[in-house]
Student: 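Quick one: the structure is below, and I'll ask about it shortly.
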Number of protein chains: 2
Amino acid sequence: MENKPYLTPKQEKVLNFIQKRIGERLPPTIREIGEELGFKSTGTVRDYLKALIQKGLVRRMNNKSRAIELTERVNFNKIPIIGTIMAGKPNLAYEEIQGYVDADDLFLGRLGFDDVFALRVKGDSMVDAGILDGDIAIIKKRPNAENNNIVAALLDNNEVTLKRLRSKAGKFHLEAANNNYPPIFEEFKVIGKLITVIRKY
Amino acid sequence: MENKPYLTPKQEKVLNFIQKRIGERLPPTIREIGEELGFKSTGTVRDYLKALIQKGLVRRMNNKSRAIELTERVNFNKIPIIGTIMAGKPNLAYEEIQGYVDADDLFLGRLGFDDVFALRVKGDSMVDAGILDGDIAIIKKRPNAENNNIVAALLDNNEVTLKRLRSKAGKFHLEAANNNYPPIFEEFKVIGKLITVIRKY
DNA sequence: TGACAAACCACACATTTGTGTGGTATATCT
DNA sequence: AGATATACCACACAAATGTGTGGTTTGTCA
């Protein structure tokens, strides 16, 4: 399944507005889109919709008011579940997206989208903190965190782990929640902070 | 906050249809409701909407197509989070509903509604299974379960606990996941099976 | 230069959709 | 008996909304 194709800035804006309105429960009419974006002609809006449909981002039903849908290619309000993260310097490059988790009001409150992702937990290094192999960890991206926070951290070998952040004499290190694992004093970079854990049986 | 007031069977049907359509993303038009329910006049549908609005279950915007909303009193696709459950014989009587969890596709798959609820976990009796104090346990109601399932069970003293179900020589008992707690051999009744655990930090 | 797409607008028109008025019939409660 | 609620229908009409045709301008690519 491919990802979102190239969009012009305005097309992006139109799409975002549609997303926003759908998120608020009621998809917009053509005229509502035009009004928001400052278009004086419904024809203009239809041109945009045509473009978005052609790019596979939007679906419509004929002659039905507000019948605008986003396709699966628009991962609206969804958080990617990642197996492996190849993390370059400034931004994460999601490599192995295993699926999506819907960012629902009650679990997370409506979040911004770009700053949250999910990790499938591997191994038992955090069992004593009640985080088991296979759990889904929801992470909020952040370049730093506080003492005792559980964080997703990038190690020197390009590996990502979930560990507890500890400060000792002003210096940070990582600790597992399992006596079988030694603390990590190597160089690392905090990617984000754990905000939620989900486990399915 | 009160609960759903009395509805006539037909009003119930209208409400359900609206719920269904909203769940499918696009609220219905007045004529669509009429068509579904077999009404030949739009006036009839408006009478029903008027009734539902008066009973505080529905909100509308004037002159806007499909602008039908459900109010908070209709807990659509939401699972009650329960503190204490007073469980009579056949049905649970939710006593202390602390809030609602949105039953989202990706966490639970679209579920039927009446057969799922959530418990806020108290105590540390399941820590070794990675279930901590304060976690939200999503339970699917069931009168029985299998060996090794974690279940919500009703004890003789009318208390509800989350424990692991064990069978030994054809006889079931409950086990904590914490050595400080002895197994429970008293009489108990299985209320439901644990399907998901959610923890927020 | 010509073709093409992006980015617009103006309108006319057809449908869809919401609104409003005015009915009928049945049952319940006072 | 009269008031009230449920449970419908038929229309007419107005507003909202989608469709379609035919433009203009600007820039890019070949």
Side-chain angles (χ1 to χ4, degrees), chain A residues 4-22 24-71 73-74, chain B residues 2 4-71 73-74:
Chain A
K4 226 160 76 171
Y6 170 77
L7 292 184
T8 67
K10 294 246 181 165
Q11 287 175 354
E12 193 87 39
K13 274 187 188 172
V14 171
L15 187 63
N16 283 342
F17 178 64
I18 295 170
Q19 270 188 27
K20 185 183 151 225
R21 280 304 189 76
I22 290 179
E24 291 167 3
R25 282 308 56 159
L26 202 61
T29 63
I30 286 177
R31 281 174 180 81
E32 283 171 355
I33 296 172
E35 207 176 308
E36 170 75 16
L37 279 284
F39 301 137
K40 286 173 187 156
S41 168
T42 54
T44 306
V45 179
R46 300 182 90 232
D47 286 347
Y48 277 97
L49 289 180
K50 226 172 276 175
L52 292 174
I53 289 168
Q54 206 193 2
K55 292 182 181 178
L57 301 172
V58 158
R59 248 191 305 275
R60 288 190 71 207
M61 283 160 74
N62 289 342
N63 297 314
K64 294 259 153 234
S65 68
R66 303 176 189 278
I68 303 178
E69 252 188 326
L70 301 179
T71 67
R73 298 173 86 167
V74 184
Chain B
E2 290 177 50
K4 226 161 77 173
Y6 170 76
L7 293 184
T8 66
K10 294 247 180 165
Q11 288 175 353
E12 192 88 39
K13 275 187 187 172
V14 171
L15 186 64
N16 284 341
F17 178 65
I18 295 170
Q19 270 189 26
K20 185 185 151 220
R21 279 303 190 75
I22 290 179
E24 293 167 3
R25 250 36 315 209
L26 202 61
T29 63
I30 287 177
R31 281 174 180 82
E32 283 170 355
I33 296 171
E35 207 175 309
E36 170 76 13
L37 279 286
F39 301 136
K40 285 172 188 156
S41 168
T42 54
T44 305
V45 178
R46 299 181 90 231
D47 287 347
Y48 277 97
L49 289 179
K50 226 171 276 175
L52 292 174
I53 289 168
Q54 206 194 0
K55 292 183 181 179
L57 301 172
V58 159
R59 248 191 304 275
R60 288 191 69 207
M61 284 160 73
N62 290 341
N63 298 314
K64 294 258 153 236
S65 68
R66 303 178 189 277
I68 304 178
E69 252 188 326
L70 301 180
T71 68
R73 298 174 87 167
V74 185

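Order of the sequence lines fixes the chain letters, A, B, ..., with proteins taken first and strands second; residue numbering starts at 1 for each chain.
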Student: Just how far, in rounded Å, is C1' of dA16(D) from CD of E35(A)?
Tutor: 12 Å
Student: Whole angstroms only, please: what is the CG-C1' distance between L37(B) and dC9(D)?
Tutor: 15 Å
Student: Going by the rule side chain to side chain contact (heavy atoms under 4.5 Å, CB included), which residues pair with T8(A) if we only count those two or more places apart in sequence or in a different chain?
Tutor: Y6(A), K10(A), Q11(A)
Student: Rounding to an integer number of Å, can you tell me how far Q11(A) CD sits from dA6(C) P?
Tutor: 7 Å
Student: Just to verify, what does E69(A) make a salt bridge (Lys or Arg N to Asp or Glu O under 4.0 Å) with, not counting sequence neighbours?
Tutor: R59(A)
Student: For residues L37(B) and V45(B), determine if any side-chain heavy atom of one lies less than 4.5 Å from a side-chain heavy atom of the other.
Tutor: no
Student: List, one per line, each side-chain donor-acceptor pair under 3.5 Å for residues 27-36 of chain B, sequence neighbours excluded.
Tutor:
residue : atom : partner : partner atom : Å
T29(B)  : OG1  : E32(B)  : N            : 3.1
E32(B)  : OE1  : R21(B)  : NH1          : 3.1
E32(B)  : OE1  : T29(B)  : N            : 3.0
E32(B)  : OE1  : R66(B)  : NH1          : 3.1
E32(B)  : OE2  : R66(B)  : NH2          : 3.4

Student: Between atom CG in L15(A) and atom C1' in dA6(C), what is the gap in whole Å?
Tutor: 17 Å
Student: Applying ring-ring contact (aromatic ring centres under 6.0 Å, His included) as the test, list every pair that has at least one member in residues 26-49 of chain A; sequence neighbours left out.
Tutor: F39(A)-Y48(A)
Student: With heavy-atom distances below 4.5 Å as the criterion, would you say the side chains of V58(A) and T71(A) are in contact?
Tutor: no
Student: Considering just the side-chain nitrogens and oxygens of R46(A), establish if one lies under 4.0 Å of OP1 or OP2 belonging to dT19(D).
Tutor: yes
Student: Output all residues satisfying side chain to side chain donor-acceptor pair (under 3.5 Å) with K13(B), sequence neighbours left out; order by chain, then residue number.
Tutor: none
Student: What string of B, S and - do you get for nucleotides 8-14 of chain C 5' to 3' if you count protein non-hydrogen atoms under 4.0 Å?
Tutor: BBBB---
Student: Could you give the CD1-to-P distance, from I53(A) to dA6(C), as a whole number of Å?
Tutor: 14 Å
Student: Would you say R60(A) places a side-chain N or O within less than 4.0 Å of OP1 or OP2 belonging to dT17(D)?
Tutor: no
Student: Return the value, rounded to whole Å, for the distance between atom CG of L49(A) and atom C1' of dT19(D).
Tutor: 12 Å
Student: Please enumerate all residues that pass side chain to side chain donor-acceptor pair (under 3.5 Å) together with R60(A), with sequence neighbours excluded.
Tutor: none
Student: Rounded to whole angstrom units, what separation is found between the CG atom of L7(B) and the P atom of dT6(D)?
Tutor: 10 Å
Student: Please work out which residues in residues 61-69 of chain A have a non-hydrogen atom less than 4.0 Å from an atom of DNA chain D and list them by number.
Tutor: N62(A), N63(A), K64(A), S65(A), R66(A)
Student: Rounded to whole Å, how long is the line connecting atom NZ of K50(B) with atom P of dA7(D)?
Tutor: 15 Å
Student: May I have all residue pairs that pass salt bridge (charged side-chain N to carboxylate O under 4.0 Å, His left out) and include part of residues 41-52 of chain A, sequence neighbours excluded?
Tutor: none
